[in-house]
Structures are given as C-alpha cells and as structure tokens.
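Data block below; observations after.
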Amino acid sequence: MATKESKKKTSGRKIPGPTNPMVTPILTDHYQFTMAYAYWKSGKHLERAVFDLYFRKNPFGGEYTVFAGLEECVRFIANYKLTEEQIDFIKDNLPVSCEEGFFDYLRGIDCSDVEVYAIPEGSVVFAKVPLLRVEGPIAVVQLLETPFLNLVNFASLVATNAARHRFVAGKSKTLLEFGLRRAQGPDGGVGASKYSYIGGFDATSNVAAGMLFGIPLRGTHSHAFVSSYMSLDEIKDKTLRKKDGSSTCQDFVSLVQGWMRKIELSESLRGNSAETNKSEMAALTSYALAFPDNFLALVDTYDVMRSGVPNFCAVALALSDLGYKAIGIRLDSGDLAYLSCEIRKLFCSIEKEFGLPGFGKMSITASNDLNEETLDALNKQGHQIDAYGIGTYLVTCYAQAALGVVFKLVEINNKPRIKLSEVVSKVTIPCKKRIYRLYGKEGYALVDILTGENEPPPKVGERILCRHPFRESKRAYVVPQKIEELLRCYCAGNSDKTEEILPPLKDIRERCIQQLEQMRPDHMRRLNPTPYKVSVSGKLYDFIHFLWLNEAPVGELR
C-alpha cells in the first residue's frame, strides 16, 4: 500500500501540455475514431493491448538513428482530454447510426490507465527496436497512434540529420542552425531548431525556439544591412567608450579610416584593398559601434578579398585599440575552402605585422546551402572554417522526407499477436519484450537483443546466443562486458512502476553526444557503414517462428 501511495505522489506532478497547442486528441486520423467506435460497439474497447512503436530502416543510408520526440509524447498523454466541441465535431463526422453512448464514453476518456515504456530521448537507436511500448485499453491506445507517430517521426529524423552533420563536421566545429526561413511552416521551424540542438548543433537563429527551449541564439546581420549604407556620413554617433570604461573615443570612424590607410600600405593586404567599398566600411563600422563586444561581420556583399575582409580588418583593429576583440567573419558565397584559407593567412599576417595576439585565430563562419556532402568535400579540400551555419538541407531533411515510424499491435489480453507479410521486413516481432544493449571490451555497443518480458536478463561475462529475428543462419554468441536495459517507464498508469523524470533539453543533448561516442566508427561512417546487429534471444526466435507458422494459412495444391 505504501508503494502505491509513493508512486501516486511521484506521478501526481503536473506535466505541461505539448509545446504546440495544435497537438490535441483530434490531431489524428479519422479511422482511429471509426475503430474506436467499432471496438466500443463490440464491447472490446477495454481489452488490454500492447503496441510497439518502431521504424523499419535507418534514414539517410546510415546505420543509426537518434530517438527524439518522447517528451512531447509524455506531455500529450499527461494532458489527454477531449473537449465538448471536439466531441461534437467527431459526432458530426461519424455516421448518424453511431450510438450516443459512444460519445459519453469519449467524454470520460483519459490516459490514466495507459503505461508508456520508452528508450530515453537522445539515445542512438536502430531499426526494429521498439522506441516506445504503449499498454492500455485498446480503444484509447489506438487513439494515441497517429499523434505519437507524428511527434516521433520528424523529431527523430531531424535529430539524426543533425547528428550526421556533426559527425562530418567534427567535434571542434561550431554548428549553427539557420533554417527557420526555409522550414516547413512555423511548427517545422521550431521543431527543427529543438531537435537539431539535441542532435549536436550548438545554437540557433530561431528566437522563438531560444525562448521556448533555452537554446543559445546566434546571428549578426544580412547583406541588406550592408547595402543599406551609402557612405560613412550616415553614421551620426561616432563615439565609442573604451572597453575598460576609462575614456571615450570621440570619432571611431576616423580611427577606422586611419587603420585602413595603414593596412593599405602593409605587406599583409598589399594588392587586396585597392577597391575597398566605402559604403561597406560604413555598414561594418556602424555595426561595430552597436556591438563592439560581438562584432562578427558578413564580408561577401561586394568582394570578399578586395573589400569585405580589408574593411573588416580595419574595423577590428580600431576596436582592438579600444580594448575590444572582434569575433570574426561570415562567408555566404564563393569558394569557401579557398577563401577561408586566404582569410586565415591575412589574419595571421596582421597578427604578426601589428603585434596583435589572437588576431590570427578569429572565427571564420561559413553558410550558403551547406549539407553533409558539402562539409565532407570541404574536409577533403582543406579549409580554415571554424563554424557552419546550416539551414535548408538540415531542417527540411532534404535527403529523406520521412523516417517511416510504425505503431503495431504485439499483444492483446496477454496473448501475443503477429502481423505477417510477404515482405519479411514488415513482419512484426510479437509479445511484450525487454531490450538490452550489449557492450564489448572496447566500450563500443555490439548488439541490441530483444527478449521475452519474463526471460531472465543477460549477464555480464556470460555467453549469450543472439539470433536474427527471421534469418535462421544469422546468429552469433556474444560475451558482453557491460549490459544496458533500454526501456524505462515514463507513464505508469495504474501500475506500481516508478516513473522516470523528463530530463532538461541540455541533458538530452548530452546523452545523444555520449551515445554517439559509444558507437563503433564503422557503424557511423557516411558511405557503406557496417550494419548494426539487432537480434532476439533464442527463446524469442523460437516463439516468433512458432506463431508465424500457427497464423499463416496453409495452401493446397490440386
């Protein structure tokens, strides 16, 4: 009794609703309500069902996926309640023969008797492995199918896309998500910012996502800001207080012009500054006056090497005189590898010539429709880029439109169920299962193994037979050095299970990064990655094939 009371106190915490107010019980397919009525009409609606949510194939030609969207699923289920207006709409769109008692049933539905077991968000996951196991009255759980698929599909796809970009870019590079303007609508933009951050991006340009989720914001100015200036005369307030506050420079513009004259004669920029655009100088000077501590300038509005970079250097040197340190530049066009190398040479030359420690290490950021392939090509060419601003290809998941997550019945009234298909990949793995990840002596994950719920768990150091679910000849013994059980309870329903606390976003992101580091490099590579093994225990393998033969019709030849 004490356990139940303790559990109720834990699960009684108030969980906020979904981030998007459009995520309500009617964000579902019409056939979920027609099935719910049919279940109710036949008196089957309260039967206890178990569904697995999983996907059949890893995206982008890879061998791993990052699981995301769990928090939104838990928020949805914790606040599940149909309004009277929604019930009236459902009633208007079902046949008039539907009995009034069904709508009374809908009024009483919540998810207090639904249990959700899931792999923690941010985990690296694989095809055929259940990401969520949902247990409850079949009519209610069926109503959760479409919203759960919607909440997990795009989230996991974007997080995986982000992780793949991070893998190619490398750990040392800063990755900035700049995709809001190209995303599929407001929800696509906000969701992409959140799940790109989970997948390893460092910051976003999306102010709404920054406010909602606490993601760091980054952004400077556009080409329009630069081209809006015509001359230095447009700068009205030319004063800038020194960094230490000791005095004020009365004419920062003249200071910039003085540095431009010096660098025009210097060895560092000789031959590159003859055609410097003075209106661009005005724009960069104005921006530096507004943000002397955060001066990062876009330098390709007119000409990168003849105008943008020299103008930036003049402003950065003037800022240095007053105790400020410029951040760096952004390139949005041109040969990014070549230009970044040339700019780095110039920065280093100026550092040496004028005795300014750190000037050569200023940040070079690149944008302009970057994707995985572009990053890989830049690595092969050699470059000096420190940060990437990535938008369209990241947030739209241009390389693959959807993950293909499915929600399949695996048990009802404690009786395992199987779905058969001529396509073996579409055959389901029946019954309630437990999932373990087995690690080898080098610390890398070797295999995920699914077992029946009541099977004894695998043990460290003991040899375990791992079998392919459907191919008889594919099997191997594994002696794990570490074992991790993957499914955890996030909604306990009426059970006595202890519910997991939803972690903050930064912890989910950190889990993703750590999980990716535990994967063997050959599983992670972009081209021809080694398939990761997903297996079943010998006992579960035998049961799958027993049920398969039991359910499959036997043909007759005449």
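As the structure is a computational prediction, the values presented were derived from the model and not from experiment.
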Among side-chain atoms of [X] and [Y], is any donor-acceptor pair under 3.5 angstrom?
{"X": "Q514", "Y": "E517", "answer": "no"}
{"X": "Y436", "Y": "R434", "answer": "yes"}
{"X": "K44", "Y": "N413", "answer": "no"}
{"X": "S537", "Y": "E455", "answer": "yes"}
{"X": "T204", "Y": "E177", "answer": "yes"}
{"X": "T174", "Y": "D202", "answer": "no"}
{"X": "E63", "Y": "T530", "answer": "no"}

To the nearest 0.5 angstrom, please state how far the [atom1] atom of [X] sits from the [atom2] atom of [Y].
{"X": "L450", "Y": "Y54", "atom1": "CG", "atom2": "OH", "value": "11.0 Å"}
{"X": "L131", "Y": "E121", "atom1": "CG", "atom2": "CD", "value": "11.0 Å"}
{"X": "D507", "Y": "L502", "atom1": "CG", "atom2": "CG", "value": "11.5 Å"}
{"X": "T396", "Y": "F154", "atom1": "OG1", "atom2": "CZ", "value": "8.0 Å"}
{"X": "T428", "Y": "K408", "atom1": "OG1", "atom2": "NZ", "value": "8.0 Å"}
{"X": "N58", "Y": "T160", "atom1": "CG", "atom2": "OG1", "value": "8.0 Å"}

Give the minimum heavy-atom separation between [X] and [Y], together with the two atoms involved.
{"X": "N79", "Y": "K14", "answer": "OD1-NZ, 3.3 Å"}
{"X": "F51", "Y": "A49", "answer": "CE1-CB, 3.8 Å"}
{"X": "V168", "Y": "L375", "answer": "CG1-CB, 3.7 Å"}
{"X": "P430", "Y": "I544", "answer": "CD-CG1, 3.7 Å"}
{"X": "R107", "Y": "K81", "answer": "O-NZ, 2.9 Å"}

Indicate yes or no for a side-chain donor-acceptor contact from [X] to the backbone of [Y] under 3.5 Å, with no hydrogens or angles considered.
{"X": "Q400", "Y": "F60", "value": "yes"}
{"X": "D29", "Y": "T146", "value": "no"}
{"X": "R166", "Y": "G170", "value": "yes"}

Are [X] and [Y] within salt-bridge range, i.e. N to O under 4.0 Å?
{"X": "K432", "Y": "D52", "result": "no"}
{"X": "E485", "Y": "R437", "result": "no"}
{"X": "R133", "Y": "E135", "result": "yes"}
{"X": "K539", "Y": "D542", "result": "no"}
{"X": "K194", "Y": "E71", "result": "yes"}

In the structure I gave you, are the side-chain heavy atoms of Y490 and P120 within less than 4.5 Å of one another anywhere?
yes
Under 4.5 Å between any side-chain heavy atoms of P137 and R48, yes or no?
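Contact flag for P137/R48 side chains = yes.
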May I have the step-by-step check of salt bridge (Lys or Arg N to Asp or Glu O under 4.0 Å) for R417 and E551, ending in yes or no?
CA-CA 9 Å; R417 305 306 297 146; E551 295 288 344; 3.2 Å; yes
R520 charged N/C atom sitting above Y444 aromatic ring, 6.0 Å / 45°:
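Judged by the rule (NZ or CZ under 6.0 Å from the ring centre, within 45° of its axis), R520 is not positioned above Y444.
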Check salt bridge (charged side-chain N to carboxylate O under 4.0 Å, His left out) between R526 and all other residues, then give those that pass, not counting sequence neighbours.
E372, E373, D376
Go through the steps to decide whether I390 and F201 satisfy the test side-chain contact (heavy atoms from CB on, under 4.5 Å), and finish with yes or no.
CA-CA 10 Å; I390 305 176; F201 272 59; 3.9 Å; yes
Qualifying residue, where the test is ring-ring contact (aromatic ring centres under 6.0 Å, His included) with F126 and the options are Y532, F67, F55
Y532
Counting heavy atoms not belonging to [X], are there more than 12 under 6.0 Å from its [atom1]?
{"X": "R218", "atom1": "CZ", "result": "no"}
{"X": "E85", "atom1": "CD", "result": "no"}
{"X": "R475", "atom1": "CZ", "result": "no"}
{"X": "K506", "atom1": "NZ", "result": "no"}
{"X": "R181", "atom1": "CZ", "result": "no"}

Compile the donor-acceptor pairs under 3.5 Å between side chains in residues 93-103 and protein atoms, sequence neighbours left out, one pair per line.
from: N93; atom 1: ND2; to: F89; atom 2: O; distance (Å): 2.9
from: E99; atom 1: OE2; to: K41; atom 2: NZ; distance (Å): 2.2
from: E100; atom 1: OE1; to: K91; atom 2: NZ; distance (Å): 2.7

F33-Y37 aromatic ring centre distance below 6.0 Å:
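Judged by ring-centre distance (under 6.0 Å), F33 and Y37 do not meet the cut-off.
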